[in-house]
Amino acid sequence: DAKTTQPTSMDCAEGRAANLPCNHSTISGNEYVYWYRQIHSQGPQYIIHGLKNNETNEMASLIITEDRKSSTLILPHATLRDTAVYYCIVRVASYGQNFVFGPGTRLSVLP
Amino acid sequence: GAGVSQSPSNKVTEKGKDVELRCDPISGHTALYWYRQSLGQGLEFLIYFQGNSAPDKSGLPSDRFSAERTGGSVSTLTIQRTQQEDSAVYLCASSLDTYEQYFGPGTRLTVT
C-alpha cells in the first residue's frame with residue numbers, strides 16, 4: 001500500500017504557483033519523500049526528493065513540515081506542459097527499494 | 001546524455017504468443033527495475049537487478065514472466081503464453097545510487 005495521501009485532482013492557472021500537498025503521517029525516520037510526475041503516455045519523471053530539510057532545484061521546491069508528516073511540492077510558475085499526474089512517495093534510500101506509486105494528483109494547468 | 005530507452009514502444013500480440021521487451025538503461029547505472037502500469041492504475045513492481053547479485057523476482061505475477069540482464073546492462077523481460085490481463089505499459093527504470101530512479105518511456109503491450 002502507498003503510504004501517502006494526495007488529493008485526486010487540482011487545477012492551477014498558467015503562470016501561477018502550483019502547490020501540491022501530500023500527507024505521510026506514518027513516515028519513518030529513514031524514509032525520504034520523493035516526487036515524480038507522469039505526463040500522458042510517458043514514463044514517470046523524477047522531480048525532487050528530501051529527508052527533512054526543504055529542497056529546491058530547477059524544477060520545483062519541496063517543503064517538508066517539521067514533524068515530517070506532510071509536505072508540499074511547489075511549481076513556482078506553472079505552464080501548460082506541467083499538466084500531469086504528480087506522485088508523492090515515501091521510500092527508504094537503499095538499493096532494491098522499489099517505488100510504490102499511489103494514484104497521485106492529476107494537476108491540470110489552465111490557460 | 002541518453003536516458004533509459006525501451007523497445008518496442010508498442011507491441012500487439014495474440015493471446016498465447018510469447019513476447020520480449022527490451023530495456024537499455026543509462027550507461028553506468030548498476031540497478032535496473034521493471035514495473036508495469038495497467039490502464040488508470042499505479043505502477044506495479046515486477047523485478048529488480050543490482051550488479052551481479054541475484055535478481056529480486058518477488059513482484060513477478062506468475063511463472064510466465066521472466067527477465068534477464070546481460071553483462072550488467074541491457075535487460076529483457078519475457079512473457080510466455082501471453083494473456084489478455086498482461087496488457088499494460090511495461091516500464092523500465094535504472095538507478096546509479098540509492099536515490100532517484102530514471103524511467104524509460106515504456107512499452108505498451110496489447111494482447112488480443
Side-chain angles (χ1 to χ4, degrees), chain A residues 1-9 22 24 28-53 55-60 62 64 71 73 84-106, chain B residues 2-7 9-10 21 23-26 29-60 67 72 88-110:
Chain A
D1 292 330
K3 300 180 182 179
T4 63
T5 304
Q6 300 177 250
T8 302
S9 63
C22 180
H24 32 79
S28 301
N30 61 345
E31 287 182 315
Y32 286 71
V33 180
Y34 291 81
W35 283 84
Y36 277 76
R37 73 180 181 184
Q38 190 169 24
I39 297 170
H40 183 61
S41 298
Q42 297 183 22
Q45 177 189 22
Y46 167 79
I47 301 173
I48 199 167
H49 76 279
L51 184 62
K52 50 186 175 182
N53 296 325
E55 302 287 345
T56 296
N57 63 20
E58 65 279 3
M59 289 184 67
L62 173 61
I64 303 174
S71 60
L73 179 74
V85 178
Y86 287 75
Y87 299 98
C88 170
I89 303 152
V90 295
R91 171 186 178 263
V92 174
S94 67
Y95 288 112
Q97 289 293 320
N98 56 285
F99 282 84
V100 178
F101 287 70
T105 296
R106 182 172 299 278
Chain B
V4 177
S5 61
Q6 293 185 246
S7 59
S9 55
N10 281 284
L21 313 179
C23 171
D24 284 84
I26 295 172
H29 280 195
T30 57
L32 188 148
Y33 301 77
W34 282 98
Y35 296 82
R36 74 175 174 181
Q37 187 172 33
S38 301
L39 187 63
Q41 302 296 312
L43 269 67
E44 175 187 5
F45 167 73
L46 297 177
I47 190 170
Y48 157 69
F49 296 89
Q50 174 60 49
N52 295 321
S53 302
D56 175 0
K57 305 179 183 180
S58 61
L60 294 178
V89 176
Y90 288 81
L91 290 157
C92 173
S94 72
S95 175
L96 176 61
D97 55 26
T98 58
Y99 297 113
E100 60 266 32
Q101 294 178 13
Y102 295 90
F103 285 82
T107 294
R108 182 175 298 277
L109 176 66
T110 303

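Residue numbering restarts at 1 for every chain, and letters A, B, ... go by the order of the sequence lines.
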Flag if over 12 foreign heavy atoms under 6.0 Å of CG, Asn52(B): no
Please confirm whether Phe99(A) and Tyr33(B) have ring centers closer than 6.0 angstrom. no
Please classify the contact between [X] and chain A as side chain, backbone, both or neither, with a heavy-atom cut-off of under 4.5 Å.
{"X": "Tyr35(B)", "answer": "side chain"}
{"X": "Leu91(B)", "answer": "side chain"}
{"X": "Gln37(B)", "answer": "side chain"}

Gln45(A), part contacting chain B, at a heavy-atom distance under 4.5 Å: neither
Indicate whether any N or O donor in one side chain lies under 3.5 Å from an N or O acceptor in the other, for Tyr48(B) and Gln50(B). yes
Do we see a donor-acceptor contact under 3.5 Å between the side chains of Tyr32(A) and Arg91(A)? no
